[in-house]
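Please read the structure below before turning to the comments.
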Amino acid sequence: METLTRRTALKLGGAAIIAGAIPPWLLEACTSGGGTPSGASALQLSNDKVTWKAWFEQEGAASKSAGGSSWKLNEYADTSTYQAAIRTSGGSSKVPDLYTWWSGWLMKEIVDAGYAADVSSLWDKESSAYDKGLRDLFTFNGKTYGAPLYFGPWVTLYNKQVFDKYQLQPPKNWNDMQHVLQTLKSKGVTPLGATIDGRWPAFIYFETLLVATDPDLYTKLMAGKAKYTDPGVVEAMNLWGQLINAGYFTDPSSVTFGTGSSTFLTEFSQGRAAMLQIGSWYEPTITGAGMKPGVDFGGFIFPNAKSGIQNSIIIESGPLVVAANGPHKSDAINSLGWFMSKAGQEAWIKATAFTSARSDVASPSPIDQQLLADMKAGGYQQINRYWEATPHDIVETAIDEFAKFMLHPGDPMPILQNIQKKADSVWATIK
Amino acid sequence: MASDAKPRKAKARKAAAPEGTEVAAEASRPFGRLAAAAAPYLYVTPMVLLVGVFLLYPAADTMWLSLTKWNGIYPPTFIGFDNYLNLWTDPVFITASLNTVYWVAGVMLLQTALGLALAVLLNTSPLAELYKRILYLPAAISGAAIGVIWYAIFNNQFGILNASLRFVGLGALTQAWLTTPPLNTFSMIVAAVWQGLGPTIILFLVGLQTIPRDPIEAAQTDGANAWQVFRYVTLPLLRPITVVVVGINLINSFKVFDIIWTMTQGGPYRSSETLAVTMFRDSFVSFEFGYGASVAMVLTVVTFAVAVFYIRAIFRRLEVQ
């Protein structure tokens, strides 16, 4: 038998130290590809939605139970850091297998860079279950590059108890809406929640009021075929200014309703503020504050401020993307295919209580069930949210200008001119 | 010749060293001289590598990046000094530069003056030890936490400050502390001074306690009052500590970020950004890494220039004295 010499012991000890110092993910990467016969045992999923961690884990476990791969999460607490990480790693093999992203122009950047895999075949297979308008959000040059991770129509959530107290009904038209606003204000209740906290919410009422006055102009503006200084946009801004001056909004510098702190929830639940224009994904947050959907709070589609215009509703849908350069691309596509299936969506809705983008998966929210029914009955066209619908460089300038307007409402023209100046420079670089 | 010097020196050491000693043994080993000469550099190497990898290389890379246009997706495109030229007509950069001046002046003046005043009071207080500990507590809290605390104080509607003013009947004095420029910058300066006061007081206390009694007693004997003693004896003798305090506050105020980011994120509408915040936002929010790098270079050069100018001016003054 070979005796254990000092040299041998050092070799073995050194090897043990080196092996212990290697990060587990590297060891896994070195040995990956040898998982179950069906492919990788776990797919890396990066995201910036830290509050969704439990939901992703449940969905990953359901995927594994269905014979696919589980999801191993890589979370970023800060959205900017997350975007920077994906942008700089997307072209390398260090990119995660799956990652969450944003639709529209933000997605176009990564598609043009070749960071997103073509998943058109998955949509073709499920074409009857998904709205074509939704597919268009993730489609570029005839190919589709992501599956809807969530689907959120933008809804006006309202405190039912406050409405009942003052004998108010969800408004069906602008006259009704004005009656609701005036009544609430006269009773000492702030009608609408608004904030500039987090910067991004500053666009909410701009998009809402422009879509409520001229949805065609909104669509053209998003595509650079109209200007921020066009009369229709000025009209929407003037309407916004009138509502602000009438005292119909919460103090945007004080109230918050972001994913971090939310002072608005206290105001809303205690009946001091009555309504909030927000994506339906906010409903679980209100439910988490102890209010029951359909009982304590409800939702309606913001009414048109002009008659004779096409019924339109703003929707928000972020994709789950398969990395084109990911280490387990085919397994990731299979996993995404399962996620888009009825079984996958039922598991996702069970975990999140969101409304599925699939038409054959019932929404658990009574508010969304009514919303979807109203959308269908009213022939509502779906319009992408401002954040995604127009180039992001314009959005970044616009939200600061909108914040200025919210704090100091007056002549909107200087603000619109500033935004248009940025828009001109951005559109000039886009072919 | 010089090339013969080292072997001759080693032979001389060996000849001078008693037999059997370590020096004699070392000098006689083949690699002994090389090891002895290399030892100091080996001790310094880890820190040099650390500084090189985590400071010098990123600085050089940032300098290069500032000459490019890069969005993080496509390879950087060299554009020369276009980023720097655009800075001077960018209203956000101009606002951020002005805010940075406010921060530097505000923190330096307020923190130094208040720190000195409190240190003088504590120096003769019987409860000095207790007060020192209390006043130092904010320095132990992170900048982000400081921002959260003071946001709760300055919030327009729910903040403690406005609520207190209304409670005592001074509602007319309530302000939009964090959303009215440049009041929002001054409000955040108050938060930063509150955090930095503790270390400033400690440093000044150390300085005060090392001042010899003789000059003070001599001045008192000559009839100087308390203020005259402080102004003409204590303050000049405190100069070495004051130099350190002002220098530290100067550097810290140039690079402030965490308090601003947690309190206002540089808003509203980028009105409370400083150069450090602008650099971050342009790079990591707008994905204009080249432009953000140019802001970083301007901030670095300005900070370095001010620090060098300040130190040289102080040492020149000390030499004259």
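In what follows, every chain begins at residue 1, and chains take the letters A, B, ... in the order their sequences are listed.
No more than 12 heavy-atom neighbours from other residues, nucleotides or ligands sit within 6.0 angstrom of OH on B:Tyr57. Within a 6.0 Å sphere centred on OH of B:Tyr74, other residues, nucleotides and ligands contribute more than 12 heavy atoms. By the neighbour-count criterion of 12 heavy atoms within 6.0 Å, atom NZ of B:Lys69 is sparsely surrounded, having that number or fewer from other residues, nucleotides or ligands.
Atoms CZ and OG1, on B:Phe287 and A:Thr88 in that order, are 9.0 Å from each other to the nearest 0.5 Å. Here the CZ atom belonging to A:Arg87 is positioned 7.0 Å from the CZ atom belonging to B:Phe289, to the nearest 0.5 angstrom. Summarising the geometry, atom OG1 belonging to A:Thr397 is positioned 8.0 Å from atom CZ belonging to B:Arg270; distances are rounded to the nearest 0.5 Å.
Nearest heavy-atom pair across B:Ile73 and A:Ala113 is CG2-CB, 3.1 Å. Across every non-hydrogen atom of A:Asp251 and B:Gln157, the tightest pair is CB-OE1, 3.6 Å. Considering all non-hydrogen atoms of both residues, A:Arg199 and B:Val285 come closest at NH1-CG1, 4.1 Å. In this structure, B:Asn155 and A:Ser254 approach most closely via the heavy-atom pair ND2-O, 3.2 Å. When every heavy atom of A:Thr256 is checked against every heavy atom of B:Tyr151, the shortest pair comes out as CG2-OH, 3.7 Å. Across A:Ser253 and B:Thr179, no two heavy atoms sit closer than the pair CB-CG2, 3.0 Å.
For the pair B:Phe284 and A:Asp78, the minimum side-chain heavy-atom distance is 4.5 Å or more.
Note: A:Ala84 leads A:Ser89, A:Ala84, A:Ala403 in heavy-atom pairs under 4.5 Å with chain B.
Contacts between B:Trp261 and chain A at a heavy-atom distance below 4.5 Å are absent for every atom of the residue. The contact between A:Glu396 and chain B is made entirely by side chain atoms (from C-beta outward), counting heavy-atom distances below 4.5 Å. Only the side chain of A:Tyr115 comes within less than 4.5 Å of a heavy atom of chain B; its backbone N, CA, C and O stay farther away.
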